[in-house]
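In this text, all values refer to a predicted model and were calculated from it rather than measured experimentally.
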Number of protein chains: 2
Amino acid sequence: MRRTKAEAEETRQQILLAAEKVFYEKGVAHASMADVARAAGVTRGAIYWHFANRADLVLELYNSLPMPQEELIARELEAENADVFAVLERVGREWLELLATDEHRQRILSILLRCDTSGEFAAISERQNDINDEHMQALEAAFAKAQGQGKLCACWTPRSAASMLRWVIKGLCSEWLLFGRRFDIAIEGKEALRRLFRTYASHVPSL
Amino acid sequence: MRRTKAEAEETRQQILLAAEKVFYEKGVAHASMADVARAAGVTRGAIYWHFANRADLVLELYNSLPMPQEELIARELEAENADVFAVLERVGREWLELLATDEHRQRILSILLRCDTSGEFAAISERQNDINDEHMQALEAAFAKAQGQGKLCACWTPRSAASMLRWVIKGLCSEWLLFGRRFDIAIEGKEALRRLFRTYASHVPSL
DNA sequence: AAACTAACATACAGCCTTGTTTGTATGTTG
DNA sequence: CAACATACAAACAAGGCTGTATGTTAGTTT
């Protein structure tokens, strides 16, 4: 039963939604394509028409997440007298708020966190790694700029500051997502960021 | 071919070692019992004799990890004039060093991190959660003690300090384990702990 | 030394999955 | 309005995996 292009796109979205639900509940590894198909109200044929295989389906799930405007942030940080800490803290806060309010993002990130990165999903894992590397470079550059402005406390290096920020956010998010979301990530995260950036700026003797 | 008890225990250990290797390389979900058996030089029969199923095997892998002496630490912290920060920092450092030097621990923790916590492995996940909760309680109590001694900077609460410590360590470990161990966790972790505990102690105005 | 049992190996049944292929009805295009 | 391509459904083939049941050998007990 040939459908119009719009209808086809609709079923594609349905499949993605169903995959999100099923993979989140049963785990990527233990959910079959038939499970997804049932949840989407189609047959496996439809899934294999729109997606090459399960790995591709997960990848598209990942791609369906709108990513924060990195170029915009980069431009903000490039400004001559940019307040690096203020920008970074705000971006971090926005990211946490985005995660806190977008349930799709929560589920998809949970799926990716729990999904076995070896084997068929290696590609996804590698892409995340690449993105991570870029982020770290950008972060380190930003902190270096702050250091040049004399704003970074002497006990931090750009690298150590960037690493610490990344570790805290990563720990925070994984704890929240995998641990039943037993605290308010927006609030606690905001406080943690506040404290962290305060220590970046405070004037404590170097190590 | 009936073996003596000692020999049986030996094959049990062989199976555990093989499981560690295979699960680490292929991921728990995609490795079959036959894979493990082959790697151990036995048949699946031997595995099913020693372990109930795959989940049990993973659980025993987890149990094979010697855990740090929590009671000993607790007693140290209970001392009237205990230097809480010094103890906590040392314990954190020791934990990172233990992880850095013990490859079995690295592989097993990697397996657990990447293993799908829903479904058959829910039990393991719950146990980790319980342990986590205990740790958090102990940490919070320790920081509360430090606060009582007037050593905790006013901008921290016992809870926020404990959370931050946990997030940093968790972020640090997952980054290192899942990310190809591309930095020296003992050194960088030591530095991060140093900076973190310095901020706990430093006298910065409250939030 | 006979009876028993621990420690496996081997064989079996059956399910579930994946990927593909075929069929088909319906849009879409010239 | 053909001819073709699209968007699926349905059927198929093949294999892998799990759990168990059974077989077998060698310690162990009495």
Exercise. Do A:Lys151's NZ or CZ and the ring of A:Tyr200 fall within the cation-pi criteria of under 6.0 Å and 45°?
Worked result: no
Exercise. Among residues 5-17 of chain B, which residues get a heavy atom nearer than 4.0 Å to DNA chain D?
Worked result: none
Problem set entry | Nucleotide-resolved protein contact map, nucleotides 10-19 of chain D, B/S/- at heavy-atom distance under 4.0 Å | SBB----SBB
For this session: Using whole Å, report how far CZ of B:Phe51 lies from P of C:dC8.
Result: 11 Å
Exercise. Would you call B:Arg182 and A:Asp133 a salt bridge, taking side-chain N to carboxylate O under 4.0 Å as the test?
Worked result: yes
Problem set entry | B:Glu9-B:Gln13 side chain donor-acceptor pair, cut-off 3.5 Å | yes
For this session: Could you verify whether a donor N or O on one side chain and an acceptor N or O on the other, from B:Asn132 and B:Arg127, lie under 3.5 Å apart?
Result: no
According to a strict under-4.0 Å criterion, is [X] in side-chain N/O contact with OP1 or OP2 of [N]?
X	N	answer
A:Thr4	D:dA7	no
B:Trp49	C:dA7	yes
A:His50	D:dC8	yes

For this session: Check whether any side-chain heavy atom of A:Ser64 sits under 4.5 Å from a side-chain heavy atom of A:Ile108, and report yes or no.
Result: yes
Exercise. Between B:Glu20 and B:Arg107, is there a donor-acceptor pair closer than 3.5 Å when you use the side chain of the first and the backbone of the second?
Worked result: no
Exercise. Around atom CZ of A:Arg12, are there more than 12 heavy atoms of other residues, nucleotides or ligands at under 6.0 Å?
Worked result: yes
Problem set entry | Contacts of type salt bridge (charged side-chain N to carboxylate O under 4.0 Å, His left out), residue A:Asp184, not counting sequence neighbours | none
